[in-house]
Amino acid sequence: MYLTGKNRGFFKKEIVFTRDDGYETAVFRVEGMRGVLTLADGTQHFYLTDLEKAANGVSLGWTSGGQDICVIDPLNPQTMLDGLAYGGHRYGLKPEEGKNFTLLRGGQSYGLIERKGFLGGQMTVQSSRDIPVEIVGALAYLAMIYGALGVLGALR
């Protein structure tokens with residue numbers, strides 16, 4: 001299955017994830033230092049980049065329905081490789097040439113995020129059918145903020 005993300009605006013980052021069969025699975029918005037993924041059934045997942053709570057620089061918290069799903073602390077290029085635990089698997093990103101990333105599950109490649117356009121605003125995600133869209137949302141957010149991690153860490 002392919003998920004394709006298209007940016008709906010320049011100043012208001014809103015990306016719609018659509019499967020290869022045309023079904024709109026989720027809408028992802030970036031609001032300042034957080035990403036919000038709204039699934040087709042209305043469930044929301046929040047990805048928050050935090051400079052205050054982090055023990056060591058920058059952290060990423062993922063919540064849904066008032067429950068903490070995952071925390072990556074510290075958030076840096078190395079911990080992005082290790083990624084996050086969800087549903088009995090570990091998911092992460094491996095930077096590739098340009099603005100692209102290989103999606104990792106258990107250290108093995110299972111997909112690709114390709115970013116195109118000015119500031120990488122257009123995103124295409126290719127992943128296997130068994131990867132939950134909320135994981136794709138988390139990894140898409142990580143891919144979007146990857147370049148800023150060095151700057152955010154330096155602000156500490």
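Remember, it's a predicted structure, so these values are computed and weren't measured experimentally.
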| Nearest atoms (heavy-atom pairs only) where S109 meets T102 | OG-CG2, 3.3 Å
| Are any non-hydrogen side-chain atoms of L84 and V71 less than 4.5 angstrom apart? | no
| task | Over all heavy atoms of both residues, which pair between C70 and A85 is shortest? Give the atoms and the distance, please. | result | SG-N, 4.2 Å
| request: State the OG1-CD1 distance between T63 and I69, to the nearest 0.5 angstrom. | output: 7.5 Å
| With a 4.5 Å heavy-atom cut-off, do V136 and I131 have their side chains touching? | yes
| request: Heavy atoms only: give me the nearest Y23-A40 pair and the separation to one decimal. | output: OH-CB, 3.2 Å
| field | Test of ring centre spacing under 6.0 Å for W62 and Y86 | value | yes
| request: Indicate the atoms forming the closest heavy-atom contact of V16 with V27, along with that distance. | output: CG2-CG2, 4.3 Å
| query | Out of curiosity, does Y110 fall in the hydrophobic cluster containing Y141 (side-chain heavy atoms, cut-off under 4.5 Å, transitive links)? | reply | yes
| request: Check whether F46 and I72 end up in the same hydrophobic cluster, where Ile, Leu, Val, Met, Phe, Trp and Tyr are linked by side-chain heavy atoms less than 4.5 Å apart. | output: no
| query | Is there a donor-acceptor contact under 3.5 Å from the side chain of T25 to the main chain of F17? | reply | yes
| Residue pair F101 / E96, side-chain heavy-atom distance below 4.5 Å | no
| query | Does the R90 side chain pair with the main chain of G83, one donor and one acceptor, at a distance under 3.5 Å? | reply | yes
| task | Could I get the full list of side-chain hydrogen bond (donor to acceptor under 3.5 Å, both in side chains) partners for R34, not counting sequence neighbours? | result | E31
| Any idea which heavy atoms bring Q44 and S64 closest together, and the distance? | O-OG, 2.8 Å
| request: Applying side-chain hydrogen bond (donor to acceptor under 3.5 Å, both in side chains), name anything that partners Y91, two or more places apart in sequence or on another chain. | output: none
| field | Any residue meeting side chain to side chain contact (heavy atoms under 4.5 Å, CB included) with L39, in chain and number order, not counting sequence neighbours | value | A26, L37, D41, T43, H45, V133, E134
| query | Run the side chain to side chain contact (heavy atoms under 4.5 Å, CB included) check on L142 and Y47 step by step: do they pass? | reply | CA-CA 9 Å; L142 288 174; Y47 313 103; over 6 Å; no
| said: Is there a path of hydrophobic side-chain contacts, each under 4.5 Å between heavy atoms, that joins L112 and F28? | reply: no
| What are the two closest heavy atoms between L93 and A143, and how far apart are they? | CD1-N, 3.6 Å
